[in-house]
Protein chains: 2
Amino acid sequence: MGQTLDSQFQQLCREKQLAVTHQRLVVYRALMQMCDHPSPEQIYERVRGELPSISLGTVYKTLHVFLAAGLIREVSPHHGSLRIEPNAEHHCHFFCLQCHTITDLEPSEVDVVPLMNSVPENFQVDRVSLEVRGVCGHCSGSFVSADA
Amino acid sequence: MGQTLDSQFQQLCREKQLAVTHQRLVVYRALMQMCDHPSPEQIYERVRGELPSISLGTVYKTLHVFLAAGLIREVSPHHGSLRIEPNAEHHCHFFCLQCHTITDLEPSEVDVVPLMNSVPENFQVDRVSLEVRGVCGHCSGSFVSADA
DNA sequence: TTCTGAAACAAGAACTACTCTCGTTTGATA
DNA sequence: TATCAAACGAGAGTAGTTCTTGTTTCAGAA
């Protein structure tokens with residue numbers, strides 16, 4: 001099983017033209033074995049069990065390499081700073097992955113009942129939010145695809 | 001128009017049992033006049049134009065007071081730290097507003113076409129994310145409503 | 001109107017999450 | 001093995017946020 005993960009990682013690195021280093025392999029293994037949504041600090045703590053000399057900076061850098069290559073994704077598109085929503089009316093948001101602006105979308109009639117049904121019974125729902133991520137009109141002109 | 005905003009704010013404060021201070025009024029007015037999704041720093045900059053002696057700490061505290069009272073909302077439920085998604089399969093998330101854990105939801109059949117149609121034509125869509133915010137099962141037992 | 005206790009304020013130190021720099025080590029290719 | 005680019009570790013630096021402390025202001029009572 002460990003072997004499977006290792007060879008899977010090596011193949012992914014070949015595909016993405018990434019160097020296979022011991023640190024990257026250990027970080028990848030840790031990620032795949034953590035079933036929740038870990039923070040860099042939590043990943044660092046776990047990896048240190050196996051690799052006590054790794055630095056937090058290396059974990060951050062490795063995560064960014066993995067994110068850029070598409071090996072993993074991040075949950076929040078804009079974890080950097082608190083952003084306020086003065087507009088009290090119900091609407092959805094578009095997040096620009098380039099300039100990080102947030103654009104209000106026109107209200108749309110999305111049926112979220114199936115989503116609500118997927119929430120476990122003992123969970124209390126406050127509200128549902130629908131978000132679209134991509135590149136806004138202003139940035140679209142100069143956008144260079146990540147595949148290029 | 002300024003008068004309308006001011007009296008609206010005073011009524012909101014009475015309802016929520018908040019003291020009406022000059023600083024809070026100026027912050028509220030600034031928020032209602034900013035049509036995008038400002039960061040605390042941007043709000044601070046704007047408020048300083050009218051109230052040069054206000055401190056950034058006061059802006060933060062005032063925003064938290066407004067958020068707790070429901071006068072405004074925040075756009076991102078988890079802007080604090082990067083969170084990694086090792087699970088590559090498509091699924092939705094539940095964010096616990098108390099313990100900040102992220103729970104994967106079972107895939108559900110939500111029709112997002114109306115949402116896609118609300119995105120302006122010159123925007124490029126990367127992906128859509130559906131999120132539910134509330135209180136998870138683990139926290140539900142000890143949960144005390146904000147209204148209590 | 002003045003007094004009083006509680007709440008809010010300003011200033012800035014402290015903390016957290018993250019990024020950058022630089023000298024050293026390691027990996028990939030010849 | 002030798003070479004060079006890439007990756008690494010250590011730690012300083014930065015941005016965003018929270019906390020602490022002493023001062024000021026607000027709201028209700030006298």
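Letters A, B, ... mirror the listed sequences (proteins, then strands); counts begin at 1.
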When rounded to whole Å, the CG to C1' distance for the pair Leu51(B) and dT25(D) reads 13 Å
| query | Less than 4.5 Å apart, any side-chain heavy atom of Leu31(A) and any of Leu63(A)? | reply | yes
**Message:** Classify Ser53(A) by what it touches in the nucleic acid, base, sugar-phosphate, or nothing, heavy-atom distance under 4.0 Å.
**Reply:** sugar-phosphate
* Asked: Is there a path from Ile84(A) to Leu105(A) through hydrophobic residues (I, L, V, M, F, W, Y) whose side chains come within less than 4.5 Å of each other?
  -> no
| query | Under 4.0 Å: is that the gap between some side-chain N or O of Gln23(A) and OP1 or OP2 of dG9(D)? | reply | yes
From CD1 of Ile43(B) across to C1' of dG16(D) the rounded distance in Å is 13 Å
Practice prompt. For the residue pair Leu56(A) and Glu41(A), establish whether any side-chain heavy-atom pair is separated by less than 4.5 Å.
Written response: yes
Phe95(A) vs His93(A) aromatic rings, parallel, tilted or perpendicular, using cut-offs 30° and 60°? tilted
- Task: Could you check Ile72(B) against Leu67(B) for side chain to side chain contact (heavy atoms under 4.5 Å, CB included), going step by step and ending with a plain yes or no?
- Result: CA-CA 5 Å; Ile72(B) 54 175; Leu67(B) 284 168; 3.8 Å; yes
Here the residues of residues 54-65 of chain B within 4.0 Å heavy-atom distance, strictly under, of DNA chain D are Leu56(B), Tyr60(B), His64(B)
Ile84(B) atom CD1 is separated from dA17(C) atom C1', nearest whole Å, by 14 Å
Taken to the nearest whole Å, NE2/His100(B) to C1'/dT16(C) is 15 Å
In whole angstroms, the gap separating P of dG9(D) from CZ of Arg48(A) amounts to 12 Å
- Message: Side chains of Glu85(B) and His91(B): any donor to acceptor distance under 3.5 Å?
- Response: yes
Closest to the side chain of Arg24(A), out of dC18(C), dA7(D), dA8(C), is dA7(D)
Leu67(B) atom CG is separated from dT17(D) atom P, nearest whole Å, by 12 Å
Rounded to the nearest 0.5 angstrom, the CD-CZ distance for Glu131(B) and Arg127(A) is 10.5 Å
When rounded to whole Å, the CD to P distance for the pair Glu45(B) and dG16(D) reads 11 Å
When rounded to whole Å, the CD to P distance for the pair Gln17(B) and dC26(D) reads 19 Å
Closest to the 5' end of DNA chain D, once Pro40(B) and Ala19(B) are matched to their nearest nucleotides, is Pro40(B)
### Message
Please confirm whether the shortest side-chain N or O distance from Ser81(B) to OP1 or OP2 of dC18(C) is below 4.0 Å.
### Response
yes
